[in-house]
Amino acid sequence: MKKIADKVYVSQALERVEDSALLAGAGVFADDIAVGARTGHAAFLRSPHAHADINSIDIKTAEALDGVHAIVVGEDLRAWSRPFIVGVKQPMEHWCLAQDRVRYIGEPVAIVVAEDRYIAEDALALIEVDYTPLKAVVDPEIAILKDAPVLHEAVGSNLISERNFSYGDPEKAFRDADRIVSMKVRYPRNACTPIECFVVNADYDAAEDNYDVLANFQGPFSLLPVMALALNIPVNKLRLRTPPDSGGSFGVKQAIFPYIVALCLASRKAGRPVKWVEDRLEHLMAATSATNRVTEIEGAVTKDGELIGLCYRQLEDCGGYLRAPEPATLYRMHGNMTGAYKVQNLAIENRVVLTNKTPTGLNRGFGGPQVYFALERLMHKIAVELKLDPLEVIKRNLVEAKDMPYRTPSGALYDSGDYRKAVLEACKKGNLEALKKRRDQVRGAGGLYGIGYTAIVEPSISNMGYISTALTALEREKAGPKDGGAAMATVSVDALGSVSVTMDSTPQGQGHRTVAAQVVADVLGLKPADIRVDVTMDTAKDNWSISAGNYSSRFAGSVAGSVHLAAIEIRDKLKRMAQTSLNIAADKVSFSDGKFSDADNPDNAIQFRRLAGQAHWSPGLLPEGDVPGLRAASSWTMPELEAPDPEDRVNSSGAHGFVFDYCGVEIDRDTGRVRLDKYVTMHDAGRLLNPALVDGQVYGGFTQALGAALFEELSYTADGTFQAGSMAEYLIPTVAETPAPVILHMSSPSPFTPLGAKGVGEGNSMSTPVCLANAVADALGRDDIELPLKQSKVRDWIGIRETPPTSGGAVATPVADKDAITGRGELTIRLPVERVWDLLLDPENLEKAIPGCRELIVEGDHSYRADVSVAVGPVRGDIVALVKLSDLDPSKFLRLGGSADGPLGSSTGSGTILLTATGANGDATILHYDYSVSLSGKIAAVGGRLLGGAMKVLIKRFFERFIRIAAPETAPAGFPLFGWLENLLRAIGIKR
Amino acid sequence: MIEYGAADRVKVTLTVNNESLTGYASSRMLLSDFIRHELGLTGTHVGCEHGVCGACTIQIDGRPVRSCLMLAVQAEGREIQTVEGLSDKGTLNRLQQAFRSHHALQCGFCTSGILMSMTNLLNENPTPTDDEITDILSGHLCRCTGYVGIVKAVQSLVLENIARENGENA
Ligand code: FES
Ligand code: FES
């Protein structure tokens with residue numbers, strides 16, 4: 001291990017320098033930065049279809065709206081930009097606005113720039129897009145079938161990349177195995193959804209043909225060339241700045257980059273600066289997502305549970321476009337696919353498929369949750385099949401401390417760790433025995449209780465070359481090697497001796513300023529409060545490289561290390577100056593308490609501050625070879641981060657931490673609720689630079705992972721309709737669902753990083769979801785555990801049948817099937833059937849009865865066009881509905897069919913109405929109706945919970961009004977619930 | 001022709017952090033937008049604009065309110081407190097300092113809203129139980145911290161308050 005200078009502050013749980021401003025509401029986030037009076041505000045028109053051809057876009061009416069400055073559509077882009085470059089060699093085009101086709105719900109189609117956001121959104125509603133909907137595909141396994149709809153026709157298939165890897169001798173291992181254990185798992189779509197959404201301020205300077213952007217982008221800055229290429233400009237004509245504070249990212253804000261390009265072009269067209277703030281619906285629907293993945297995994301094992309061969313078949317779903325840096329999610333873990341285990345025979349099949357969903361990207365854990373969900377479920381299953389204790393199977397296979405640094409078969413070099421010791425310590429300190437007793441007790445009393453275990457290796461500090469493993473060795477050779485991962489920092493000391501630090505980590509809330517101040521204070525013998533750290537990035541001026549940014553947990557291991565090295569360079573220069581100034585030998589210079597002195601004669605001393613002044617004011621006094629001023633710029637990379645070798649081995653990450661978790665869950669037999677009883681998480685992240693911040697990362701990462709395990713899913717129907725557009729649909733954990741985990745630490749410093757630190761922020765994203773799944777598998781004694789562990793799903797696994805709600809009376813009973821909202825109802829009207837029939841066919845009467853109907857136009861024989869305003873939950877808007885009546889059997893039966901379109905989305909529906917005479921004299925009518933409606937777009941995205949009910953209510957209201965008009969004296973008979981429902985509707989915002 | 005500031009503007013007079021202010025808002029402007037962009041008090045944050053995340057929480061007439069669910073014009077004549085009113089000329093108050101000591105924040109985006117709710121909780125009841133803290137805090141989403149530090153920070157004040165009460169009663 002490298003020698004580390006004497007330290008005082010590093011490894012202490014210091015309070016954060018960031019907090020005073022943030023707590024006072026004085027943080028400066030992207031949307032807080034004032035913009036000039038000419039700035040226009042942008043809003044995006046987005047596709048309501050999962051897959052459709054765009055026939056035409058009519059912007060005339062929208063353009064004419066007062067306060068609208070400009071409207072940008074796909075066609076405008078061709079003059080000033082190019083499609084984004086793609087990470088695999090395929091003829092696919094991805095532009096920042098859809099060209100002739102949309103491939104996911106929420107895909108940007110047009111941008112309105114207006115005087116304010118409110119007006120911009122008004123204008124969106126006036127743009128008319130003519131789409132031809134196409135068949136969509138959302139399931140990756142269906143997308144690769146021959147007859148599946150193809151997203152990118154030039155590619156000819158949705159399968160856009162396929163690679164096979166073999167390391168060691170997997171065939172032999174599988175031949176020699178006592179047993180082969182296999183399973184197929186599906187990892188769902190989720191996202192870490194920071195509380196602050198995307199913000200972009202873009203300004204095109206025509207005089208210099210330069211784009212100036214401020215955005216809460218988080219890196220990696222390898223995307224800067226991607227943006228510049230798309231804008232058709234050299235990188236130095238795209239100046240990107242980041243704000244002082246950012247409201248979380250967790251990888252997600254990487255995906256802002258297509259919007260940066262879009263807003264640059266909008267500014268160019270509008271001839272003024274443009275600002276855009278993403279809203280939550282846009283974010284959930286269309287920002288980004290982790291990849292969903294289908295993995296078939298097989299283990300070759302001996303009868304005592306030793307894993308001797310491992311085989312993955314991974315099918316990765318990257319959504320509608322392969323957006324840079326994808327397919328990185330699939331390759332980020334490539335070196336450590338064998339996890340914490342010493343198996344040396346490994347086969348991997350990697351396939352990447354596109355489907356009609358939001359494109360994927362960085363998301364905390366990046367590839368880890370998907371890989372470990374398969375591997376650790378397999379380890380659990382191996383134990384079950386061999387009737388062994390899962391913990392014993394884990395222990396038997398762990399990489400040994402004596403083998404560190406350890407080379408995995410696929411090329412990773414694990415830097416340090418004692419996995420076995422960590423496991424034993426975690427079991428002891430977390431009191432596993434007590435947990436087992438508790439399980440036995442609960443089970444003894446007839447309850448459902450399970451314990452799950454996970455052991456994982458947490459990679460950090462990405463090798464910038466790992467993604468090239470997606471290419472063949474030959475393709476890589478042609479392109480030239482990609483490797484390394486530079487971290488840059490500057491430390492400057494001014495003429496009065498105060499210290500400023502910058503670095504390329506673009507933090508998103510993790511407290512990097514605090515840690516950098518601790519690191520520099522130790523090297524320069526100052527207090528952290530003396531050090532000013534600025535983490536804004538300005539690509540026109542700051543040191544950055546393609547590996548800059550806040551991702552792959554690179555800060556502690558690599559950026560803080562680089563800061564440390566820059567500070568040492570400053571200290572060494574000051575030492576040389578002190579030597580000259582004190583006139584002593586180099587080995588006699590001692591440095592403490594902010595003073596350089598003669599080791600033999602402490603009175604012969606000079607202050608840090610004095611020396612700093614000299615460097616600026618008296619360059620003549622500088623030792624030979626030293627330059628004026630006092631500024632060090634470091635750039636550090638790890639030599640171990642080599643390019644993939646011809647055999648496709650790659651050390652995909654520079655540091656490898658270890659995480660061992662176990663947990664106990666209790667499942668409610670009646671409700672299917674999974675309650676996390678206890679969670680223990682042991683981390684070895686090398687040297688901890690600030691333990692409080694490390695624990696903060698673990699608590700936060702754990703909580704996000706708990707959400708991913710229990711509730712979070714960016715869900716789609718089979719036709720590509722997105723269903724999780726609000727935070728009432730996309731559920732993230734609140735404090736009430738979040739038990740505090742027991743956090744334990746061990747420290748095996750990395751020999752490869754300057755401070756011995758490793759990343760720590762992503763471990764639980766990788767370990768926790770599968771740990772809970774293993775516990776549920778243990779509780780229920782079944783294999784087919786899928787996330788999220790929603791109650792409805794768990795109830796099915798337990799075998800609880802839902803009793804269908806009883807129907808009848810005048811209240812319709814909507815039944816939400818997979819794709820459509822269906823329902824039926826019945827009511828009695830005190831009018832003869834003939835009269836009811838006439839009223840049903842009378843447009844004037846219909847116009848009055850349809851809630852929110854402004855105009856009903858008869859378009860032909862029994863076909864109508866209605867302009868209606870609707871409001872469901874937080875979404876309101878106008879729709880144009882086309883309705884046609886058919887199969888008319890007078891006074892008896894008719895069929896309705898139709899479609900509706902508007903800024904809220906589109907829908908198609910059908911229904912029937914059946915009339916039967918009733919009453920003593922046949923003077924009353926029983927009207928029976930049923931309906932089936934499919935929706936897409938905004939209204940479907942936020943409506944998951946509301947739509948069934950809203951539909952039921954809208955239709956009921958239609959008939960209620962219908963009766964009131966038809967036979968005023970009879971209403972509101974048959975609607976005893978009416979007042980109550982109205983109130984409820986008002987409360988949930990469906991009705992004003 | 002472009003008319004700057006043409007949107008129908010209504011005069012809104014209110015008290016913000018004990019200062020009387022007048023601003024102009026279009027009739028449909030959200031209170032959160034008004035506070036942030038018209039009054040320039042950007043400490044109040046917006047995370048969802050549909051009432052779920054709690055980031056935009058302020059106090060109106062002493063009650064916590066989600067400013068994204070109100071219109072600016074509805075604030076006419078009301079008394080508003082925002083996060084900017086908590087500290088005194090840069091000195092953090094007890095609650096803010098407790099947040100700092102217990103690492104109750106990371107990005108700080110959710111924090112303003114949480115501070116406003118917790119301030120109200122502690123005003124109404126200086127010694128809430130853990131369940132009462134959880135109950136109010138569950139109206140806020142924090143994506144960074146896992147809530148542990150936030151709960152500890154509030155608990156630390158509760159302990160102080162209990163000690164004070166006991167001291168007073170002794
Ligand atoms: S912004 Fe108001 S509750 Fe989320
Ligand atoms: S501190 Fe980032 S959301 Fe709470």
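All chains are named by letter (A, B, ...) in the order of the sequence lines, taking the proteins before the strands, and each is independently numbered beginning at 1.
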Tightest non-hydrogen contact, residues A:Met727 and B:His50, listed as N-NE2, 3.0 Å
Okay, B:Leu41 and chain A: the region with an atom under 4.5 Å from a heavy atom over there is neither
Tightest non-hydrogen contact, residues A:Tyr118 and B:Asp33, listed as OH-OD2, 2.6 Å
Given the options B:Leu95, B:Leu86, B:Leu92, A:Leu23 meets side chain to side chain contact (heavy atoms under 4.5 Å, CB included) only with B:Leu92
Interatomic distance, CD@A:Glu18 vs CG@B:Leu105, rounded to 0.5 Å, equals 9.0 Å
Cut-off 4.5 Å, heavy atoms of chain A, and the answer for B:His102 is neither
Bottom line for B:Ser101: the part with an atom under 4.5 Å from chain A's heavy atoms is both
Counting heavy-atom pairs under 4.5 Å with chain B, the top scorer among A:Ile195, A:Leu284, A:Thr703, A:Leu693 is A:Ile195
Heavy-atom closest pair (B:Thr134 atom, A:Val735 atom, distance to 0.1 Å) is O-CG1, 3.5 Å
Worked verdict on A:Glu196 versus B:His45 for side-chain contact (heavy atoms from CB on, under 4.5 Å): CA-CA 8 Å; A:Glu196 179 195 39; B:His45 299 146; over 6 Å; no
Most contact-rich option vs chain B, by heavy-atom pairs under 4.5 angstrom, among A:Ala21, A:Gly247, A:Ala34, is A:Gly247
### Task
Taking the side chain as every heavy atom from C-beta outward, state whether A:Asp122 and B:Arg28 have any atom pair closer than 4.5 Å.
yes
Under 4.5 Å to a heavy atom of chain A? For B:Arg36 that would be side chain
In terms of heavy-atom contacts, B:Cys144 and A:Gly248 come closest through SG-CA, 4.5 Å
Max heavy-atom pairs within cutoff under 4.5 Å with chain B, candidates A:Gly25, A:Ser249, A:Pro507, goes to A:Gly25
Separation between CD1 (B:Ile150) and OH (A:Tyr699), nearest 0.5 Å, reads 12.5 Å
Under 4.5 Å to a heavy atom of chain A? For B:Leu115 that would be side chain
Here the gap from A:Glu737 atom CD to B:Tyr147 atom OH, rounded to the nearest 0.5 Å, amounts to 8.0 Å
Whatever's closer than 4.5 Å to a heavy atom in chain A on B:Val52 counts as side chain
Under 4.5 Å to a heavy atom of chain A? For B:Val46 that would be backbone
Heavy-atom nearest pair, A:Pro733 first then B:Arg143, reads CD-NH1, 3.8 Å
### Query
Is the backbone N or O of A:Gly696 less than 3.5 Å from a side-chain atom of B:Gln106, with the two atoms forming a donor-acceptor pair by type?
yes
Among A:Ala13, A:Ser20, A:Cys197, the residue with the most heavy-atom pairs under 4.5 Å to chain B is A:Ser20
